[in-house]
Amino acid sequence: MKKTVSTIFTFLFLSFCALSAQQKINLKEPIPTDPSVRIGVLKNGLKYYIKHNTKPENKADLRLVLNAGSILEDEDQLGLAHFIEHMAFNGTKNFEKNKLIDHLQNLGIEFGADLNAHTSFDETVYKLAVPTDNKEAFDVSIQILRDWADGITFSNEEIDNERGVVAEELRSRSGAGSRMYYKSLPVLTNNSRYANRSPIGTLDVIMNSDYDALKRFYRDWYRPSLMAIIIVGDFNVDEVEDKIKSTFKSLKAPINGRERIYYKIPSNKGVKISIQKDKEARGASVAIYYKRKKDNEVTLADLKEDLIQKLYSGMLRQRLSEVPLSGNAPFLSATAGIGKFLGDVDSYYLKANLKEKQIQEGLEHLLLESQRVNKHGFTVTELKRYKIKLLSNISTIVKERGKISSKFYLEQYIDNFTDNVSIPSEAFLYKFYKDAFLDITVDDVNKISDKWITEDNISIVINAPEKEGLVLPNEDEVLSIFKNSKEQSVAPYVDTLEDVVLFNKTPKKGQIVKTEYNKDLNVTIWKLSNGVTVYAKPTKLQNDMITMNGFRPGGSSTSSAEDYISARNSADIIASSGVNGISEINLNKLNIGKTVTVRPRINFYDELFSGKSSSSDLETMLQLTYLYFTSPNKDNNVFKSKKDRMLALYKDQDVNPDAYFEKKKAQIMSQNHLRGTPFTEEQLQKGLSLDKVYNFYNDRFKNANEFNFVFVGSFNLDKLKDFVTQYLGSLPSNINKSSDWVDFGLRRPKGIIKKTFHKGLEQKAKVDINFTGTLDFSIDKQKRIMLLGKLLKIKLTQELREKMSGVYGVQVSGFATDKPYSWYRLSVRFTCAPENVDKLKAKVYEEINKIKKNGASELDLNKIKEAEIANNTSNIKYNSYWAYKIKSAVENNLDMSDILNFNEEINKLKSNEFKNMANTYFNEFNLVELILMPQKEK
């Protein structure tokens, strides 16, 4: 039976409401804390949060949270709160120097991914992810938290060694964006303490501070009353609580310690404006902040107010997302919301990426959309839809209980400790939303404007490139635009969702002509009569989620050079245009309350589909897939919006040193091949055509023959079988016409190429070293080249960062493919001081030669093995991983059962293999070495 959108929408909303008990919420009651998290406080003041969670299995995430950050630094300590974070990895009571990192890497814990930290204005967080099936390792990890709490050793030698690393982190983050942000901070914070307490600090203090200045911050602020231990994972909660108590009870509180002051951001009268220009900036943007002191979140009334603000923010974001798609929009994209700002302040913000020739118009229109809500409010239909969306989101979380990643909970508990944000259970929130939605009216939501849009405490920040011909409004003009926006006449918003149906006519079913079954992997394979093949693996890895991957060789490689620009962007533009005459905006409205996404993609050598859904929305996912094959929209407004955004992205590549360097690298590595270099503004203007976009997309998807689809997740096999025969088996097909990618001649350069480029205002250099060559490709060799890159990363991190203090981080990657020919690349990249380029570069080659001579040490070999096995053990618990592995096996004509042999194959690795690989693939006669240096003085 055909159902119209209004019928379905009304049914969904009434169904949600009917689930709720008809009783009033007592809004004076306190917000209940999730009973599944155990919270306690030791006598010394240290707080702890413990939650049992089995995703991922046999693993735990640990955090040491300090309610102190850069805002508490004295004048001689600017940047030292963050410096201490570095010192935590350079020696503690129980781990000398870098032994802590070595110890954890031997357990399969990777520095960066599983072992890290961050410092902000008001908090410092240390992070660990460790196995729990090794009791000794888990116990040691808790001891590490204890060492960080009061056992960092701060040897003068290690402090001096680390100065360079911290300085390089500051250097790596420098650029147009950071320069403009720090210049705008006084305006954003009304010249508060936040304006001159950047967490990264100053180079002078980092390099020259007294040893005691660093130690003094640690003595003053690392104390139990400002600390929380958060542990979430697969373990016995009672045992972990006992371990925390026994480990941390001896942590001493300081006598007559300094007062932890919570610095405020003072209000400002009227509007404060910051207009920043930078020669290396790409694109113009505006941000408007209406600020007010944050509300306490204690009672259910507070929770309801927060919910109303979520509704307001979400509906405004949806409106703003529609503007660029309406044709001739004055801005490229925009967003809005209500949330945390800094310190004791929250904000209602409006942000937009602007067109450089319409900066004033973009600002006016952004303010106009806010005024449209302020004057006319939202519509009843918008509110009903967004209520269903929020209920659906929380319902999904409730259904996935027990299968949600531990990291989901960690951030909630950190916010609870540092900002007193409530942490009710998902089940409570779901019921509260249902009950509260019965009483929340559109008038309640519309009142939010009056609360936030005030006359005072407003900041406007405009960032733009500094270049000839770009005219920016001055502060008086911005203020005039802001004031005039309040007086402008603005029409009410019109909700455009029509009475439409997704599917007009059910297609004729296809047939399954062959069925196979892989017992080892529990994968059923159906060969359909139209040449489509389906791989189905039911799992309980997630309670109610399904992952879909579709793939076939072809892609933009099949296009002519003349049509390449349009072909390369065709799937992205069509995917944003909608299907069956329904715009993507209305598709999103139509699918409110459903958990479903589908996206077609066209890469260089493939046509792809990606999708996710709940089990109840599986049919919708397949219907959308069918329609993206058979009934894509051709939308000129969407096309124009996408083209405008791409033009803005690529027009000023050469002014930004990073973009300039990447372009030069691409030109060299592809030998200036059209398809291997970034687009130019001229190419996009001339080559991007809606007709060509639409025609190429249709040409690639008019024949489904040889498409493969992988489904992994919580589905009934018979139901999936019914749906795939209905919607995939009926796809148009010519089984006599094959699809394959085309070798369009892109080749990597041969020989030795060494070039240095000069660009950039900062005293910052970049080094990019690439070894390339051909090989007899196999998945096994591809994996081993990637592991060779991991080995080199371990060695270069030790040498360039830990010993030489010359870099903050070093990127090393190994890659191999058989498209368009069998080739590989091993790359080394890092940022450093210009004067250190030569010695750091020399060390890279020295370490490569050591691997060529000696292979991998047993210590490093064990680190690699443990990390790979740990990652694989974690990854196999996710649907998306299985979908990827099955896809890879099909594409490479491998036995799928070999997926199960991963750990066994890793354990077979020998040191000599790395020696042989290094001598084969680090070919110094096929080398591209590129250096970016600051621009020369004129």
Side-chain angles (χ1 to χ4, degrees), residues 120-121 181 184 188-189 265 271 285-297 302-325 329 331-354 362-363 365-379 382-383 385-394 397 408 411-412 414-415 418-419 421-422 429 433 436-437 440 442 444-454 457-463 482 485 493 585 588-589 592:
S120 65
F121 288 101
Y181 171 70
S184 67
L188 287 170
T189 67
I265 297 176
V271 183
S285 65
V286 62
I288 304 164
Y289 299 93
Y290 298 82
K291 296 167 289 181
R292 69 191 302 273
K293 184 174 170 54
K294 71 171 64 173
D295 295 322
N296 292 325
E297 196 173 84
D302 301 326
L303 190 61
K304 184 177 180 181
E305 180 71 3
D306 180 68
L307 179 54
I308 293 172
Q309 292 183 166
K310 278 186 172 70
L311 291 165
Y312 185 99
S313 300
M315 289 188 287
L316 181 54
R317 276 195 296 270
Q318 286 191 334
R319 282 194 185 182
L320 289 171
S321 70
E322 296 176 15
V323 174
L325 304 179
F331 52 70
L332 299 167
S333 62
T335 189
I338 298 170
K340 182 176 169 120
F341 183 71
L342 268 179
D344 62 333
V345 169
D346 287 341
S347 75
Y348 163 49
Y349 63 85
L350 301 161
K351 297 180 181 180
N353 292 314
L354 305 171
L363 173 58
H365 201 97
L366 183 64
L367 288 164
L368 197 69
E369 289 303 322
S370 181
Q371 283 299 314
R372 196 187 309 278
V373 175
N374 194 22
K375 291 182 178 181
H376 301 292
F378 293 101
T379 66
E382 285 179 291
L383 179 60
R385 273 199 305 272
Y386 212 78
K387 283 181 178 180
I388 290 172
K389 179 180 176 65
L390 290 184
L391 275 170
S392 176
N393 291 347
I394 192 68
I397 295 172
F408 174 81
E411 294 305 318
Q412 295 180 45
I414 291 171
D415 289 345
T418 58
D419 290 312
V421 177
S422 63
L429 275 180
Y433 278 25
F437 281 161
I440 294 174
V442 72
D444 294 328
V445 180
N446 292 340
K447 289 175 184 175
I448 292 296
S449 290
D450 297 330
K451 174 180 176 179
W452 283 95
I453 300 178
T454 58
N457 214 15
I458 301 162
S459 297
I460 300 177
V461 176
I462 294 176
N463 292 332
F482 182 81
S485 70
Y493 172 83
I585 291 170
N588 292 335
K589 293 177 181 179
I592 283 284

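Below, all heavy atoms of this structure are taken into account, side chains as well, without hydrogens, waters or symmetry copies.
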With side chain to side chain contact (heavy atoms under 4.5 Å, CB included) as the criterion, how do Val373 and Ile453 come out once you've worked through the C-alpha distance, each side chain's angles and the decisive distance to 0.1 Å? CA-CA 11 Å; Val373 175; Ile453 300 178; over 6 Å; no

In terms of heavy-atom contacts, Ser449 and Tyr312 come closest through OG-OH, 2.7 Å

Output for pair (Arg319 CZ, Glu382 CD), nearest 0.5 Å, gives 4.0 Å

For Ser333 and Pro324 the tightest heavy-atom approach is CA-CG, 4.1 Å

### Note, Phe378 side chain near Gln318 side chain (heavy atom, < 4.5 Å)
no

Tightest non-hydrogen contact, residues Arg385 and Ile592, listed as O-CG2, 3.0 Å

Value for CG (Leu363) from OG (Ser285), rounded to nearest 0.5 Å, stands at 11.5 Å

Distance col, row Lys293:NZ vs Asn457:CG, nearest 0.5 angstrom, shows 12.0 Å

| Validation row: Ser313, Arg317 side chains within 4.5 angstrom (heavy atoms) | yes

Sequence neighbours excluded and cut-off under 3.5 Å, please list the side-chain donor-acceptor pairs for residues 343-350, or say none.
from: Asp344; atom 1: OD1; to: Ile265; atom 2: N; distance (Å): 3.2
from: Tyr348; atom 1: OH; to: Ser370; atom 2: OG; distance (Å): 2.9

Is there a donor-acceptor pair closer than 3.5 Å between any side-chain N or O of Gln412 and the backbone N or O of Phe408? yes

Check: Are the side chain of Glu297 and the backbone N or O of Ser422 linked by a donor-acceptor pair below 3.5 Å?
Finding: yes

**Asked** Do you see a donor-acceptor pair shorter than 3.5 Å between the side chains of Gln371 and Ser485?
**Response** no

Exercise. Should Leu307 and Leu390 count as side-chain neighbours, where that means a heavy-atom distance under 4.5 Å?
Worked result: yes

Check your understanding: When you measure from the side chain of Lys387 to the backbone N and O of Ile440, does any donor-acceptor pair fall under 3.5 Å?
Key -> yes

#### Entry: Flag, side chain of Lys291 to backbone of Leu188, donor-acceptor distance under 3.5 Å
yes

Task: 4.5 Å side-chain heavy-atom contact, Leu366 and Leu320 - done: yes

In this structure, CD1 of Ile308 is separated from CZ of Phe437 (nearest 0.5 Å) by 9.5 Å

Interatomic distance, CG@Leu368 vs NZ@Lys375, rounded to 0.5 Å, equals 8.0 Å

>> So Asp444 and Leu311, do their side chains get closer than 4.5 Å, heavy atoms only?
In response: no

What one should report as the nearest heavy-atom pair of Ser184 and Tyr181 is OG-O, 2.8 Å

Those residues at least two apart in sequence (or on a different chain) that pass ring pair (Phe, Tyr, Trp, His ring centres under 6.0 Å) with Phe341 are Tyr289

CZ (Arg292) and CD1 (Ile338) are apart, to the nearest 0.5 Å, by 9.5 Å

**Asked** Do Lys340 and Asp419 have side-chain heavy atoms sitting under 4.5 Å apart?
**Response** yes

Is Tyr493 close to His376 at the side-chain level, that is, under 4.5 Å between some pair of heavy atoms? no

Contacts of Phe482 meeting ring pair (Phe, Tyr, Trp, His ring centres under 6.0 Å) (sequence neighbours excluded), chain-then-number -> none

> Has Asp450 got more than 12 heavy atoms of other residues, nucleotides or ligands less than 6.0 Å from its CG?
Replying inline: yes

Side chains of Asp295 and Lys451 in contact at under 4.5 Å (non-hydrogen atoms): yes

